[in-house]
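Comments concern the structure below.
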Amino acid sequence: MSNFKRTLITSALPYANGPVHIGHLAGVYVPADIYARYLRLKGEEVLFIGGSDEHGVPITLKAKKEGTTPQAIVDKYHGMIKDSFEKFGISFDVYSRTSAKIHHETAAEIFKTISDKGGFVEQTTEQFFDSEANQFLADRYITGTCPKCNFDKAYGDQCESCGTSLNATDLINPKSMLSGNVPVMKETKHWYLPLDQYEPWLKEWILEEHKEWKPNVYGQCKSWLDGGLNPRAVTRDLDWGVPVPIEGAEGKVLYVWFDAPIGYISATKELTPDWEKYWKDPETRMLHFIGKDNIVFHCIIFPVILKAEGSYILPDNVPANEFLNLEGDKISTSRNWAVWLHEYLVDFPGKEDVLKYTLTANAPETKDNDFTWKDFQTRNNSELVAILGNFVNRVLVLTNKYYEGIVPVAGNFEPRDEEALATLVQLRTDVEKALDTFHFREALRLAMEMARLGNKYLADMEPWILIKTDPERVKTILHVCLQITANLTIVFEPFLPYTMNKLRSFLQMEKLNWNDLGRRDLLKAGDRVNTPELLFEKIEDDAIQRQVDKLLSTKKANEAELATVVPAKANIEYDDFAKLDIRTGTIIAAEKVAKTKKLLKLTIDTGIDQRTVVSGIAEQYEPEQIIGRRVSILVNLAPKNLKGIESQGMILMAENQEGKLVFVIPADEIANGSEIR
RNA sequence: UGUGGGGUAGAGCAGUUGGUAGCUCGUCGGGCUCAUAACCCGGAGGUCGUGGGUUCGAGUCCUACCCCCGCUACCA
């Protein structure tokens, strides 16, 4: 680690189809920013890169839906995202975007270089094409009937009902999700990155040389490598993106995951003509801060691209975080289940550091974590206000009260003073160790330990009592307290930059270097300090309640939206209906099918017989609570083997848009076996 | 389906190479009164997901299973 001259920090490019939320901040930008600030404070050479990822299919779809152009979409969100980051003080050296000219040039150039070296494999395949939308369709954008289980909403890549992975061509009655039309097969040529050829090298590089990577990152890579890598298409038939810079590739663009990480390089180019020193000098240490969904792209695909190009360095570490949930539910842009940064800035002005603190203290470093407004309030009130803010306030109030704001001269240090001052040095070592290994949560806790130390020291020394009997001693005590306070400005600088600015202005201090941390002479006797304002203020219940209410109304709005009814299917003849034999029945036994999450094995009395039916309702019904329930059952459905159990029929359920299932049952008492028609 | 991470006190989380289970918040009791009813001390609260196994000794290693969350399937 010590043989590196400089550090290049990249942070995942947020996708410009929506604003950024607390999940982005907690997962990537806050830890990356803390690390960048920490290294800068140590006087190291650092470059911190960010930018918006503006290509890909979802953006074109969103543009279509809103009746505008992809460029208009990305302009809007890039602006919002950039603004939010600025206001939160994410200290990018450059924040660029992938629709920038320099990025198109850079990405094209890298593609061209690899292509000229023969680094791609070209392959022509048949793919579904939507003639109305004039567009090839990704598997995910095709829906149809599963050939295995007859589920009629299977996707082109997998059936969510039976879990089988599919090819889009397997689907019965495929339909385009864009237009609803039947897609046609059409030939298309694409360029593939032969990841398989890099497997031995990747195994050596990651599995042998980077055992220090976080367990989630290392494990994920190992699983990909153990499973064997396949060539991966890096071009797409689309009109939005970086055009493939090769003859015969008209109308094709680079796959968004090929061009996005190259955005780190183009952003560096945009910043400085000296960019190559960061990307090609082996003495540069490159770090990718990302979320867990990005692991494979940053640990396998992007390194292979860089390796194939030949002249670039590779990441030294990829500290990926897990995900942050919000009030128990997954954060979702499309469901509007998020705390949006631009809204937070309006609702909690001047409290950027508070959110950053909360997100760091509860960062999803080893597993998914949950953000709750209650926790946010507690952390602010019990930690920032009560421990850090309060200590600073106590010291400054006492200094003003006893010495008119002048730092007093220290007498001889007693063992208890020495002990407190020595702890500062120890804490510095501990915080450094945590930061160097990307344990930001731990680092923050240790920093807070310094404020605790101050509070305890004050409580033990009781200067407010000693002032009556031994005023000389009190000078030493407050001198020590002021040195602790001064040290706080350094140790918290990477975490709470705005707040530390404020604290330095109270102390009339210049910004110091990390190497000054632990010193006992940061303030000199005779220095003046200002009368303090509050460093943090309490957050009251009503402010929290407003946020909770906001989320509740989002939930309601989502439910209302889901209540929309799907349009009727095409007409059928009576004979079609008459083929169905539906009867009333009763559930007489029910048990969960092992190793599945949705399936229940039911035994039904149909009046005709007792038979076994496997039904996908386990997520909403417990086996014991449905025994004895009346049901309607389709009895002449061809038997079907599900998870090794033969299912003889189908229970009729009403299902709403949300996926909620309800039994369809006769309204009054009627014998089992009665026909429904 | 396969695969990665996780399951430790009421909540949120640490637990490095196996050696007396910790931290923050909350809670209960006490102290203090300089401080934003803040601070300091002490207590209660855990069969470390479950069952087997290795070991003198297992939260930690092996094994089987259960549950949660991702990825696989372009949301950090």
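So that the names make sense, note that chain A is the first sequence line, chain B the second, and so on, each numbered from 1.
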Report which part of the nucleic acid [X] touches: base, sugar-phosphate, or nothing (heavy-atom distance under 4.0 Å, all strands).
X: H21(A); answer: base
X: N294(A); answer: sugar-phosphate
X: G23(A); answer: base
X: K456(A); answer: sugar-phosphate

All ring pair (Phe, Tyr, Trp, His ring centres under 6.0 Å) counterparts of [X], not counting sequence neighbours:
X: F48(A); result: F92(A)
X: H210(A); result: W205(A), W213(A)
X: Y457(A); result: none

query: According to the salt bridge (charged side-chain N to carboxylate O under 4.0 Å, His left out) rule, which pairs have a member within residues 463-479 of chain A, sequence neighbours left out?
result: E414(A)-R473(A), D417(A)-R473(A), E472(A)-K475(A)
field: Pairs involving residues 379-393 of chain A, ordered by first then second residue, that meet salt bridge (charged side-chain N to carboxylate O under 4.0 Å, His left out) (sequence neighbours left out)
entry: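 Qualifying pairs, neighbours excluded: D375(A)-R379(A), R379(A)-E383(A).
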field: Proximity to RNA chain B (any heavy atom under 4.0 Å), residues of residues 529-536 of chain A only
entry: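 Of all residues in residues 529-536 of chain A, the ones placing a heavy atom under 4.0 Å from RNA chain B are L534(A), L535(A), F536(A).
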- request: Could you list by number each residue of residues 457-470 of chain A showing a heavy-atom separation from RNA chain B of less than 4.0 Å, or answer none if no residue does?
  value: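 Contacting residues: A459(A), W464(A), I465(A).
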Close N/O contacts between protein and nucleotides 5-9 of chain B (under 3.5 Å):
{"unit_1": "G5(B)", "atom_1": "O2'", "unit_2": "T366(A)", "atom_2": "O", "d": "2.9"}

Between the protein and nucleotides 25-30 of chain B, list the N/O to N/O atom pairs that are separated by less than 3.5 angstrom.
{"unit_1": "C25(B)", "atom_1": "O3'", "unit_2": "S382(A)", "atom_2": "OG", "d": "3.4"}
{"unit_1": "G26(B)", "atom_1": "OP1", "unit_2": "S382(A)", "atom_2": "OG", "d": "3.4"}

Proximity to the side chain of K401(A) - top-ranked nucleotide from A35(B), G12(B), G4(B):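 Ranking A35(B), G12(B), G4(B) by closest atom to the K401(A) side chain puts A35(B) first.
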query: With sequence neighbours excluded, what pairs up with R445(A) under the side-chain hydrogen bond (donor to acceptor under 3.5 Å, both in side chains) test?
result: E442(A)
E199(A): partners by salt bridge (charged side-chain N to carboxylate O under 4.0 Å, His left out), with sequence neighbours left out: K203(A)
Restricting both atoms to N or O, compile the protein contacts to nucleotides 42-45 of chain B shorter than 3.5 Å, with distance only.
none

